[in-house]
Structure formats: structure tokens, C-alpha cells
Amino acid sequence: MMKNILGLCLSAWSVLALSQTYGIAAIPEQLLKNSNAILRESSEEYTLKSVNDLVIERDQAVTILSNAGDEFANVYIPYNPTTKISNIKVELYDAAGKLTGTFSKKDFSDYTHNPSAALYVDDRIMILRPTAPKYPFTVRTTYTTNTSNTVYLSSFRPVSSYGIAVQNATFTVINTSGINVRTKVTDRPLAKVAENKTGNRWQYSYKNIPAVRAEDLAPSINNLVPYVEFSPEKFTLAGRQGDMSDWNAFGKWYYSQLINPVSEITPEIRAEVAALNLSGTTSQKVKTIYQYMQNKTRYVLIAMGIGGWQPMPAAEVSKKGYGDCKALTNYMRTLLEAAGIPSYFSVIYDDRSEISFDKDFPKLSGNHAILMVPAETGTIWLENTSQKHAFNHLSFTSHHRNVLAVNKDGIKIVDTPRYKPEQSKEILRSEVQLTENGSMVSRSTFEFTGGQYDNNLGLFSLSSSELEQALKSRHHNINTVKLAVQNLKNDRESGKVIYDMNLEANGFAKKLGEDLFFPVMPYYQDVVYSANEERTLPFETSFPYQDDYEIRYKAPAGYKFSDIPESKSFSTEFGSYSLTFTPEGQHLKVNRVITVNKGQYPKEKFADYIAFRKKTSSSDNTKILISKL
């Protein structure tokens, strides 16, 4: 009898404990602000048993506060031929913390893990999307992973997105392998990690991290949140053991195991290169081969091979004419090698915000591959995934950072070029005829370089009607009645997109009695960000650029430019602006140059940045008066 009562008491206590654990009332008030979901408990335990034996225990509970947080309720469990998943259990709790449902492996859908519509993948993913009759509700997920891929000793990054707060998160490494594991802690103002090391058991934890609210111009979330990284000096990837004691050791493994085996110069590849009849400087030869490769291939994601990191064989790319970034980069590298030109397969983080590799922390990472080619006149950089990119041109998301340049001798960590605003330029030359009824007829030529070249390459995938609609939308501030685009050209020799645009618009100039007035800049109204709310995050101008406009206005017959505004110019740490006016008889020439610098700035400077952009926008809206004679 006493035993039964004790059992009932223990059972009641367990139910109460769970209710207190997952009930909404147990969430600290400060975590609810700006939150769509709360990570209530997250426990990851990595047990490294040997160079090819890693066991991962995961236990995570997340409370979904509203439909805006539904994405955080979804359960994704990836796996592949070297990874086994077991002990899957998902539990659903209501607002009071009461268990309302359970799920197991049979309730999951199982798919090919096919990001970016990959053609070949050997990764798979199990997905469950639990739902509850009302908010808030909590989803708790537990499962075990056994894998031989010990290179993926994951990072501890408790904040994965905007809009999610963290109540309690822990990450434990139990290392019984005898392998040295490097650790790197990156704290942020948002939170600092608590660390506890006892023998071969290391534990890291974060508590009560408030949700980060997305703000205009905020850097990538990864640049804002704290994290801890781990890197084993010995590892296994898809059955192949490697050495990551330093970058050179890792680079030699990378080259010998991932690159060299798929880089055979076949007779067919030699014949391809011979048929190009190469001549001239190294740069000229590289350009010839590069443009040949571009014309022959197309991008298709291939996520097979050694852990998805090994390129498809160069001979296969040559034969089939497609590949992903690593396959096309290695094919280009192999073509150059057949021509006697050395180059480096280079791994990079491609992102709007700058992300670089730590020279003192070797780790398998990066999300893109490009090619670095030493030449007489300096380094040549090749983006191999696009058939449209100009020679020796990297996207602005690959500038201002470094790469892991791999060859048989190891890895060189090399900086990519740094854009100056004037290298990312838009040049506009326009002739505008004004009419007495306030309409305008313009003939303009546009030229884009650098990052602005990147942003305009998408025009070449549009039909003529789509192109017209896209440019009408781009110039949405003008009441366009007719628009025609001519001579659209991608100059891959010099890295320029060029086109002519003829435009007719109504209501551009407004009546003021018998006179007319109009804004000095008809094109590209500035986007002005609000500074009304209190800023909590730093901000970033990740895209340096310069716009150089020259517009020649012609007054209608019987009118003259009677009131010419004063020229102006100003400069700040964020950039500069100039606006000048030159009368030329019946014409008025307007020159406007705006420069925006790249930079990351503290939140305290956001109001100053807004003031700069408001001033440029106000100057663009300067009115010109033309009077009837």
C-alpha cells in the first residue's frame, strides 16, 4: 500500500515537474519580448570515442508563441550512408505544460535532401511538422546519431535566427578518443558562454538570451550571436582519415583525398585545351580557357562524393557539361593544368556580410569554391558557376575576406580583392526633353560595373516584356507610359552591363501658374530607413558603390531655366555626395555623384547614417524651375 502511494506521489510530482518545465508561466518575462519562439531547453552531447566513432545525443524543447514562429516547430533530422539515427521521439505540450501527443520515426516523412534542386545527392532528411490546436505549444525532440564522420564536431550556436529567444542551452563534449580537440569561444554583447571543464568532459552553456529583432541594415545573424567552435586534430570523413593539426596538414589531406583523385588530365581534356590554340600572356590564356569553360558548362548541384565535399571528376564535367561550384572550379583548374598553368582550388564563405577563416583555427568549413590563378600582372580570380560572369570578376559577396587556397603543398590563406566604391559603379548619361504639359521624353545609357554589374546580370534571363516590366518597377517613381530597352549587353571582357533606355512619362513636371518645376533626379528614388525606433543592433553597409549621373535637360519651346539651384557637396564617414548645375543655353546639365562606403558601425551611429541618407535624398529632390518667356 505504501509502495503504491509512493508511486502515485512520484508520478504526480513528475507530471507537476513537467508542467512547471514546459508551461508558459515558467518563461522569464524578458524572453517574451520580440520572440516568435523560445528555445526552452537544448542539450547536445557529443561523445568522441575514436577517430571514426562519434555519438551525438540531442534533446531540444521549443515553445511556439504564435504562427510567426511555426518554422521553429518543424523537426528536421538529416542523415546519410555514414550516419545512423535512432531513439527518435517527439512530444507535444500545451500552454500549461501538459503532454498532448507523441510521435516516433514512423510519423516522419523521409526525403532526399535536395537543396537547390541538386541532380545527385546521397543525403536524406526526415521531416515532421507537428501542429497544435492553439498557441502557445511546445515541441520536444530527442534522438541519437551515430556517425563515423568525426570531422563534423559541430559548433555550439544557440541562436539560429531572428525572433527566437534561448532559455537554457548546453553543449557537452566527452572526449575518450585521445585526440586533441581545439576549442574557440566567440562571445558577443548578446551573451557570454559559461564553461566547465572536468577531465575529458567539457560543458558549455548559455542562459536567458533574448530574441534578436531584425533591423534595417543589420549584419548577418551569424555576426551577431555568440558561438563555440570545435575542431579535432584527427578526423574521419566518409571513411577517410585525415590530419587537421594545422592548415598545411589539412590542405595536404584535402588535396590528396578530395582534389587530386578527380583531376585526371585525360586525352580528351588535353585535346580540348590543344584545340583552343592558346597564345599570349598567362592572363590571355586563362581568359580563353575560362570563356571556353563558361560556354560549355552549366551549374547543377552535385551533393555526393566524400561527405559532399569532393568534386565530381573533371572528366565527367568535360563529358556531361555540368557540375556544381566545386566541380566546375576543379574542371577549370584541370584545364589550366593541362595548359601548364598552376592554380589553386579555393574554398570561401560567400555571404553579404564578411566572413573569413581564422588563421589559427583549422576547420572544415566554407560554403563555396572559386579559383585563384597567379599571373604576371597579379592574381586572377575566377567565379566558375556562372555562364554570365566576366573574366577575373568576383561577386561582391566574395570580396573583403579570405579563402583557403589548396594545392599539393597544403593551404594558403589568401585575401580576396577589396572593392572600392568607384569599382562598383553605375554611370548614367541621359538627355531629357521636357514638354509644356509636364511630360518628359528621355534617352539614356546605363553602365554598371563591380557589384552593380552582379546585380544586373539577372536582366539577361528575362524576356523582352519581363525586362520592360522590371525597369518600370525599378523606376517606379516615374509615371511611365512608354519604355523601351535597346542594346542590352554583358561585356564579359571588361565586366560591364550596358543598355540604352528610351522612356516617356507623364506628370514629371508640375504646373506653378504658367511656370513648371520638377525634381532634379528622375531616376532611382533613394530608400530612406527609419530611425524612429530605438536601435539595438550594429548596422552594416555591406555594398560599397558609386552612382555617377549626368542629365541634360532641355526646356520646352518658349520656356527658360530661370532659377538655377546652388551646387552642393558634403562628405561623411559613410560616403559623400555632390550635385552641380551647368547652364548650356536652352539646356541645363546636372551632375550628381553619390558614394557609399563599405563598413560596419555601432548602433550609436545609425542616426548619423540616416541623417546622411536623408540629406542625399533631399538633395535628389531639389526642384528646378522653368519659366514661360
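Since we're looking at a predicted model, the values are computed, not measured. The figures that follow rest on heavy atoms only: side chains count, while hydrogens, waters and symmetry mates do not.
For the side chain to side chain donor-acceptor pair (under 3.5 Å) criterion with Glu426, the lone passing option out of Tyr549, Tyr523, Tyr545 is Tyr549. With His368 as the fixed residue, the side-chain contact (heavy atoms from CB on, under 4.5 Å) test singles out one of Val347, Thr385, Asp351, Thr397: Thr385. Exactly one residue among Val497, Asp454, Asn490, Leu459 makes a side-chain contact (heavy atoms from CB on, under 4.5 Å) with Lys388. That residue is Asn490. Considering Arg492, Glu383, Gln387 in turn, Arg492 is the only one that fulfils the side chain to side chain donor-acceptor pair (under 3.5 Å) rule with Gln294.
For NZ of Lys482, the number of neighbouring non-hydrogen atoms (other residues, nucleotides, ligands) closer than 6.0 Å is 12 at most. The environment of NZ in Lys412 is sparse: at most 12 heavy-atom neighbours from other residues, nucleotides or ligands sit within 6.0 Å.
Contact between Phe606 and Leu217 at its shortest, heavy atoms only, is CE1-CD1, 4.3 Å. Heavy atoms only, all atoms of each residue included: Leu190 and Pro210 are closest at CD1-O, 4.2 Å. Nearest heavy-atom pair across Ala505 and Ile478 is CB-CG2, 3.1 Å. For the residue pair Val273 and Leu335, the shortest heavy atom distance occurs at CG2-O, 3.5 Å. Considering every non-hydrogen atom in both Phe539 and Arg535, the closest pair reads CB-NH2, 3.2 Å. Scanning all heavy atoms of the two residues, the minimum distance from Ala369 to Ile348 falls at N-CG2, 4.5 Å.
Taking the six-membered ring where tryptophan is involved, the planes of Phe612 and Tyr609 are tilted, since the angle between them lies from 30° to 60°. Taking the six-membered ring for Trp and thresholds of 30 and 60 degrees, Phe518 and Phe561 have ring planes more than 60 degrees apart, a perpendicular arrangement. The aromatic rings of Phe446 and His475 lie tilted to each other, with the angle between the two planes from 30° to 60°.
Remark: aromatic rings of Tyr453 and His393 are close, center separation under 6.0 Å. Close placement of the Tyr601 and Phe574 rings is indicated, their centers lying within 6.0 Å of each other.
Applying the salt bridge (Lys or Arg N to Asp or Glu O under 4.0 Å) test to pairs two or more places apart or on separate chains, those with a residue in residues 456-468 are Glu468-Lys472. For residues 561-570, the pairs satisfying side chain to side chain donor-acceptor pair (under 3.5 Å) are Ser562-Ser627, with sequence neighbours left out.
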Please determine whether side-chain hydrogen bond (donor to acceptor under 3.5 Å, both in side chains) holds for the pair Thr536 and Glu215, giving the CA-CA distance in whole Å, both sets of side-chain angles, and the decisive distance to 0.1 Å.
CA-CA 8 Å; Thr536 62; Glu215 294 178 337; 2.8 Å; yes
Candidate pair Leu471 and Leu483, rule side chain to side chain contact (heavy atoms under 4.5 Å, CB included), full reasoning:
CA-CA 8 Å; Leu471 292 183; Leu483 185 149; 4.2 Å; yes
Given Leu434 and Leu516, is the side chain to side chain contact (heavy atoms under 4.5 Å, CB included) satisfied, shown in steps?
CA-CA 10 Å; Leu434 302 168; Leu516 294 168; 5.9 Å; no
Quick one: do Ile38 and Leu65 satisfy side chain to side chain contact (heavy atoms under 4.5 Å, CB included)? Show the steps, please.
CA-CA 8 Å; Ile38 312 286; Leu65 300 177; 4.1 Å; yes
Step-by-step side chain to side chain contact (heavy atoms under 4.5 Å, CB included) determination, Met332 to Leu336
CA-CA 6 Å; Met332 181 64 197; Leu336 290 176; 3.8 Å; yes
Between Gln546 and Thr595, does the side-chain hydrogen bond (donor to acceptor under 3.5 Å, both in side chains) criterion hold? Intermediate values first, please.
CA-CA 4 Å; Gln546 183 178 88; Thr595 301; 2.9 Å; yes
Given side-chain hydrogen bond (donor to acceptor under 3.5 Å, both in side chains), test Asn384 with Thr329 step by step and report yes or no.
CA-CA 6 Å; Asn384 303 284; Thr329 294; 3.1 Å; yes
Could you walk me through whether Tyr135 and Asp70 pass the side-chain hydrogen bond (donor to acceptor under 3.5 Å, both in side chains) test, one step at a time?
CA-CA 10 Å; Tyr135 300 95; Asp70 280 348; 2.8 Å; yes
From CA spacing to verdict: salt bridge (Lys or Arg N to Asp or Glu O under 4.0 Å), Lys425, Asp547:
CA-CA 6 Å; Lys425 196 165 187 173; Asp547 290 345; over 6 Å; no
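A donor-acceptor pair is defined here as one N or O able to donate and one able to accept, closer than 3.5 Å; such a pair exists between the side chain of Asn456 and the backbone of Gln452. With Ser576 contributing its side chain and Thr572 its backbone, the two residues share no donor-acceptor pair below 3.5 Å. In this structure a side-chain-to-backbone donor-acceptor pair under 3.5 Å is missing from Ser618 to Lys614. Panel note: side chain Ser473, backbone Gln469; no donor-acceptor pair is recorded below 3.5 Å. Formation of a donor-acceptor pair under 3.5 Å by the Asn402 side chain with backbone atoms of Phe357 is found in this model. Using modelled atom types, one side-chain atom of Thr416 and one backbone atom of Arg401 make a donor-acceptor pair closer than 3.5 Å. Counting only distance, with no hydrogens or angles, the side chain of Glu431 and the backbone of Ser444 share no donor-acceptor pair below 3.5 Å. Side-chain atoms of Glu376 come within 3.5 Å of backbone N or O of Thr282 as a donor-acceptor pair. The backbone N or O of Ile380 lies less than 3.5 Å from no partner atom in the side chain of Asn392, so there is not a single donor-acceptor pair. Under a 3.5 Å cut-off, the side chain of Thr288 and the backbone N or O of Val286 do not form any donor-acceptor pair.
Rounded to the nearest 0.5 Å, atoms CZ (Phe391) and NZ (Lys287) are 6.0 Å apart. Atom OG1 of Thr541 and atom CZ of Arg613 lie 9.0 Å apart (nearest 0.5 Å).
Looking only at atom types and distance, the side chain of Asp350 has a donor-acceptor partner in the side chain of Ser398 under 3.5 Å away. Side chains of Tyr349 and Asn222: no donor on one and acceptor on the other come within 3.5 Å. Between Ser463 and Ser465, the side chains place a donor N or O and an acceptor N or O closer than 3.5 Å (distance only, hydrogens not considered). For the residue pair Ser617 / Asp620, no side-chain donor-acceptor distance below 3.5 Å is found, with atom types taken as modelled. Side-chain atoms of Ser395 and His389 include a donor-acceptor pair closer than 3.5 Å. For Lys489 and Asn487, the side-chain atoms include no donor-acceptor pair closer than 3.5 Å. Defined by atom type and a distance below 3.5 Å, a donor-acceptor pair is missing between the side-chain atoms of Glu229 and Ser155.
Residues Asp500 and Arg443 are not paired through a salt bridge, judged by the lack of any N-O separation under 4.0 Å between the basic side chain and the carboxylate. Using a cut-off of 4.0 Å between Lys/Arg side-chain N and Asp/Glu carboxylate O, Glu436 and Lys628 are scored as salt-bridged. For the pair Asp548 and Arg429, the salt-bridge criterion is met [side-chain N within less than 4.0 Å of a carboxylate O]. Salt bridge present: Lys605 and Glu573 bring a charged side-chain N and a carboxylate O closer than 4.0 Å.
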